[in-house]
Amino acid sequence: MNNARQVQNLALIGFMGTGKSSVGRLVADALHFTFLDTDETIEAKAGKTITDIFAQQGEAAFREMERTLVSELASRTHTVISTGGGLPTNPANLSSLKSHALVVCLWASPETIFEHVRHQQHRPLLKDPDPMGKIRALLAAREPFYRQADVLVNTERRSLREVAQQVVHQFRTATVAQK
Ligand code: S3P
């Protein structure tokens, strides 16, 4: 890792349904860090759900809320940041996160993602007549962004706890290296 970087935080990126929020909570517990979920923070700030933000203000407004929040996170320390699946598609968001956090991407196949999200209703982008096709297309379009993470962790056939242990290990290795 670039020596000039001071890794204060850990950011989890990755597609919807890869377990970022659940893993993030476990990792925050293990590291004794604060946990922050960008979707939850945006909902609290806006006073409405992501579904309502998309429906009433549109996706562009939501992306702007994400961008503002990410820029505010640069002053954080000892925080595990779980991000919305589309957040790293804005290069400014990814480079801002990388300036203060180890960026870890959780990876899963389209089939696994579909299994995780099929009974959930809160993701406007997956309200589609062909959710599997939508997942495949979005994942393919986003893969180049996700691959810019410092570390890619495959979540296939691993429990949330195992994934969290792997993430903690990666974080400890990265931060020992910078001391
Ligand atoms: C989105 C993912 C969601 C949420 C919004 C848009 C996306 O977050 O930010 O519905 O563009 O992939 P999760 O990845 O936490 O589901």
Side-chain angles (χ1 to χ4, degrees), residues 9-28 33-73 76 79-97 101 103-149 151-156 158 160 163-164 167:
N9 304 306
L10 189 146
L12 289 175
I13 67 170
F15 204 78
M16 297 173 259
T18 52
K20 289 164 292 179
S21 302
S22 310
V23 168
R25 282 194 175 83
L26 293 171
V27 171
F33 276 23
T34 306
F35 175 74
L36 183 147
D37 181 296
T38 60
D39 287 338
E40 279 176 10
T41 308
I42 288 171
E43 288 185 330
K45 275 184 162 195
K48 51 180 132 171
T49 63
I50 305 244
T51 302
D52 285 344
I53 296 172
F54 269 70
Q56 295 163 14
Q57 296 169 257
E59 181 173 350
F62 174 72
R63 298 300 172 199
E64 182 56 23
M65 292 175 196
E66 282 189 320
R67 196 193 60 74
T68 305
L69 174 59
V70 168
S71 66
E72 290 166 4
L73 296 178
R76 287 258 170 181
T79 304
V80 174
I81 303 160
S82 166
T83 63
L87 184 146
T89 61
N90 179 342
N93 288 342
L94 204 47
S95 71
S96 176
L97 288 175
V103 177
V104 177
C105 178
L106 301 190
W107 186 260
S109 67
E111 293 76 16
T112 301
I113 289 168
F114 181 62
E115 276 311 308
H116 289 169
V117 301
R118 58 189 297 183
H119 299 301
Q120 300 176 346
Q121 298 300 323
H122 63 279
R123 293 182 174 96
L125 291 179
L126 298 182
K127 290 207 169 67
D128 193 278
D130 173 19
M132 189 62 198
K134 187 78 191 274
I135 290 169
R136 282 188 199 286
L138 268 180
L139 190 58
R142 290 175 176 182
E143 187 171 340
F145 299 99
Y146 293 147
R147 286 200 177 277
Q148 291 173 44
V151 183
L152 210 59
V153 172
N154 189 358
T155 66
E156 293 287 328
R158 283 183 175 161
L160 292 171
V163 174
V167 173

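For ligands, and for the atoms within them, numbers begin at 1 and follow the listed sequence. Every heavy atom of this structure was used, including side-chain atoms; hydrogens, water molecules and symmetry mates were not.
- Partner of Arg118 under the side-chain hydrogen bond (donor to acceptor under 3.5 Å, both in side chains) criterion, out of His116, Gln120, Glu115: Glu115 alone.
- With sequence neighbours excluded, the residues satisfying ring pair (Phe, Tyr, Trp, His ring centres under 6.0 Å) with Phe62 are Phe54.
- Protein residues with a heavy atom closer than 4.0 Å to ligand 1 are Met16, Lys20, Asp39, Ile50, Phe62, Arg63, Gly84, Gly85, Gly86, Arg123, Pro124, Leu125, Arg142, listed by chain and number.
- Side-chain atoms of Glu156 come within 3.5 Å of backbone atoms of Ser109 as a donor-acceptor pair (strictly under, hydrogens ignored).
- By the 4.5 Å heavy-atom criterion applied to side chains, Thr68 and Glu72 are counted as neighbours.
- Ser22 contributes no side-chain N or O that, together with a main-chain N or O of Gly19, makes up a donor-acceptor pair within less than 3.5 Å.
- At least one side-chain heavy atom of Ile42 sits under 4.5 Å from a side-chain heavy atom of Leu69.
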